[in-house]
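See structure below.
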Amino acid sequence: MSSQLSYGELATLMKRCAGLTVDPDLMRTRPDSTFEEYGLDSLGLLAIVGELENQYGTPIEPGAESCKTPGDFLDVINTSLTSGA
């Protein structure tokens, strides 16, 4: 993974952590769609945050698991990864 999480990587994490198949291009073109629309609940998002913390070896900014949209989530995650939380 690069130092910036992409929609494609988020879709892969959604599949791995929550068993959801999501088209990354759909998320990219509709960044304000809600995770609920994709079937991702708060526990699934929390699992994704935990996976990212394990992969990058750094804590993710508090509140990332409360994001409602893929666009907001990527903003928080990428800011966190850039700043080192």
Side-chain angles (χ1 to χ4, degrees):
M1 282 182 141
S2 67
S3 62
Q4 294 283 301
L5 189 68
S6 70
Y7 284 100
E9 291 165 329
L10 176 57
T12 299
L13 287 166
M14 289 171 73
K15 177 70 172 175
R16 185 179 326 141
C17 296
L20 299 172
T21 300
V22 177
D23 180 356
D25 291 328
L26 181 60
M27 282 195 293
R28 187 177 303 105
T29 59
R30 297 182 52 223
D32 293 330
S33 58
T34 65
F35 281 122
E36 188 175 277
E37 291 176 54
Y38 298 109
L40 185 68
D41 62 13
S42 59
L43 290 177
L45 197 54
L46 187 60
I48 291 170
V49 170
E51 180 72 18
L52 289 169
E53 288 177 332
N54 288 337
Q55 286 181 1
Y56 286 99
T58 186
I60 299 297
E61 183 176 317
E65 68 279 352
S66 300
C67 290
K68 302 295 182 199
T69 69
D72 288 343
F73 184 75
L74 289 179
D75 287 344
V76 169
I77 295 299
N78 289 329
T79 298
S80 184
L81 292 175
T82 301
S83 68

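What you see is a predicted model, and the numbers here were worked out from it, not measured in a lab.
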**Item:** Ile77 vs Ile48, side-chain contact (heavy atoms from CB on, under 4.5 Å): CA-CA, chis, key distance, verdict
**Value:** CA-CA 11 Å; Ile77 295 299; Ile48 291 170; over 6 Å; no
**Request:** Please lay out, stage by stage, how Thr58 and Leu52 fare under the test side-chain contact (heavy atoms from CB on, under 4.5 Å).
**Result:** CA-CA 8 Å; Thr58 186; Leu52 289 169; over 6 Å; no
**side-chain contact (heavy atoms from CB on, under 4.5 Å) assessment of Gln55 paired with Leu13** = CA-CA 11 Å; Gln55 286 181 1; Leu13 287 166; 4.2 Å; yes
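For the atom pair Met14 CE and Leu40 CG, the distance stands at 4.5 Å (nearest 0.5 Å). Summarising the geometry, atom CD belonging to Glu51 is positioned 11.0 Å from atom OG1 belonging to Thr12; distances are rounded to the nearest 0.5 Å. Of the inter-residue distances, the one linking Glu9 atom CD with Arg16 atom CZ reads 10.0 Å to the nearest 0.5 angstrom.
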Determine all donor-acceptor pairs shorter than 3.5 Å in which one atom belongs to a side chain in residues 67-74; sequence neighbours excluded.
residue : atom : partner : partner atom : Å
Thr69   : OG1  : Asp72   : N            : 3.1
Thr69   : OG1  : Asp72   : OD2          : 3.3

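Both Val49 and Leu20 sit in one connected hydrophobic cluster of ILVMFWY residues. Membership requires side-chain heavy atoms under 4.5 Å apart, directly or through other members. Under the 4.5 Å side-chain heavy-atom criterion for ILVMFWY residues, a single connected hydrophobic cluster contains both Tyr38 and Leu10. Put simply, Leu5 and Leu26 are part of the same group of oily side chains (I, L, V, M, F, W, Y) that touch within less than 4.5 Å, one to the next. Residues Val76 and Tyr7 do not share a hydrophobic cluster, defined by chaining ILVMFWY side chains whose heavy atoms lie under 4.5 Å apart.
Applying the side-chain contact (heavy atoms from CB on, under 4.5 Å) test to Ala47 and every residue at least two apart in sequence or in another chain returns Cys17. Looking at residues two or more places apart in sequence or on another chain, you find no salt bridge (Lys or Arg N to Asp or Glu O under 4.0 Å) involving Glu36.
Panel note: side chain Thr82, backbone Asn78; a donor-acceptor pair is recorded below 3.5 Å.
Summarising the geometry of Glu65 relative to Leu45, their closest heavy-atom pair is O-CD2, 3.3 Å, with the distance given to 0.1 Å.
With contacts defined as side-chain heavy-atom distances shorter than 4.5 Å, the pair Ile60/Leu81 qualifies.
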